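The chains referred to below are lettered A, B, ... by the order of the sequence lines, with proteins before strands, and numbering in each begins at 1. As the structure is a prediction and not an experimental result, all values here were calculated from the model.
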Number of protein chains: 2
Amino acid sequence: MKNALGMAVLGLLMESPLHPHAMAATLRERGMDRAFKVTTGSLYDVVRALVREGWIEARETVRVGARPERTVYGLTALGREEFTAWVDRLVREPQAEYPKFLSAVSYLGALGPDGAVAALRERAERLRASVEEMRAGHQEALAQVPRLFVVEVEYAVRMAEAEIGWVEEIVADVESGRLAWPEVAE
Amino acid sequence: MKNALGMAVLGLLMESPLHPHAMAATLRERGMDRAFKVTTGSLYDVVRALVREGWIEARETVRVGARPERTVYGLTALGREEFTAWVDRLVREPQAEYPKFLSAVSYLGALGPDGAVAALRERAERLRASVEEMRAGHQEALAQVPRLFVVEVEYAVRMAEAEIGWVEEIVADVESGRLAWPEVAE
DNA sequence: ACCCAAATACTCGGATCCGAGCGATCGGAG
DNA sequence: CTCCGATCGCTCGGATCCGAGTATTTGGGT
């Protein structure tokens, strides 16, 4: 089990049994799709994998009207344990991840000083917008649920702000010449 | 073309034609494998994709001794253009990404206040170690190449520091009760 | 009464990812 | 000279990912 979406599924089933379509709907409704990429295709794969591991199990398959059957899944005892173990592990151990921006920054040189400054400025602008949006959503959410349930938004905001700070610093360094531009493949 | 490893390949070929195995070796030698996940399997897929797009082309296939043939690839004119366009786009537009930690934080509640504090403390510790390591590597690198070529390490360090800051703040908030723990599925 | 948009619920297959493995060759210790 | 481990360079196939498609049904507007 690699896919973090699996964790979201376990998290939902901690509350009550559900069928896959309902899981997707609930995740989106709660805005959890900001933390997990929830695509239908993957979801069904993930559910199958969780069954294979014995962490969830089919409870019943019901048919409402003449729509496709719904298979309702529930947690097993093992699944309950694995869920917290999973969360614990991901919190404890930083994973080596490869954000696209990190890759792109490695080749900042290719843009030339002016190109780099322009692109970085635009990024900062977009980041500011997304921070604004997240903040607003967070405020709204806080009116309805305890802070603990939306604390991940605070994390996302903080990270975005740190990135903005770094980007602006680099822009300043390029403009002041503190970040020299050796001649390089253009 | 989604895979950022493709960008790394183009970046290398800006300097001179190479065969896949040499690309992997060079990337690792230069420590670029901190920005790109470089696995052999993916590399050959990526190279094939770049050929399909017409961004690189086979230049020759040579055989040294009786070892497997090496196919040497070089950039096309199109590839040259696409490289900078690619970098530019990734710098300008923040991508929605889904770091595992963000997912895990969404379920921090499942650990209980004490469990959460313990896990977060360990994370902070590990992050501090990795910052230390990055800093050391960066110093060493600066002695040999211009800052521009290792500026992505500065970014990584900055982000890690921001994360440490956030983690420590949350720990404090939990301990002081500023982050309340509604009773919840355990 | 009728039509169309949205919702319901899932399947399918192509694209991608990636580690294990493979067959060969080279360098150096004895 | 000969054996062994490291290196060379790549292939293969399973696992995963995921968007587009399918087929029905409900609901609201006219």
Nearest-Å distance for atom pair CZ/P, residues A:R70 and C:dC10
8 Å
Residue set satisfying side-chain hydrogen bond (donor to acceptor under 3.5 Å, both in side chains) with B:E57, at least two apart, ordered chain then number -> B:R59
Using a cut-off of strictly less than 4.0 Å between a heavy atom of the residue and any atom of DNA chain D, enumerate the qualifying residues of residues 43-54 of chain A by number.
A:D45, A:R52
List in numerical order all residues of residues 18-29 of chain B for which some heavy atom is under 4.0 Å away from an atom belonging to DNA chain D.
B:H19, B:P20, B:H21
Do any side-chain nitrogens or oxygens of B:N3 fall under 4.0 Å of OP1 or OP2 in C:dC17?
yes
Short side-chain N/O contact to D:dC18 OP1/OP2 from A:S42, under 4.0 Å
yes
Under-4.0 Å salt bridge between B:E152 and B:R34:
no
note: B:K37, atom NZ; C:dT16, atom C1'; distance rounded to Å ~ 13 Å
Does the A:S176 side chain pair with the main chain of A:R178, one donor and one acceptor, at a distance under 3.5 Å?
yes
Listed partners of A:F101 passing ring-ring contact (aromatic ring centres under 6.0 Å, His included), at least two apart:
B:Y155
Quick one: on DNA chain D, does A:T40 or A:M1 contact a more 5' nucleotide (nearest heavy atom)?
A:M1
Whole-Å gap separating P (C:dG19) and CG (B:D33):
13 Å
Using a 4.5 Å side-chain heavy-atom cut-off and chaining through intermediate ILVMFWY residues, the residues clustered with B:Y98 come out as none
Mind checking whether A:W181 and B:P146 have side chains closer than 4.5 Å, heavy atoms only?
no
So does B:L90 get a backbone contact from the side chain of A:R123, meaning a donor-acceptor N/O pair under 3.5 Å?
yes
Quickly work out the A:E97 CD to C:dC17 C1' distance and round it to whole Å.
16 Å
Taking only residues two or more places apart in sequence or in another chain, which ones pass salt bridge (charged side-chain N to carboxylate O under 4.0 Å, His left out) with B:R147?
A:D173, B:E154
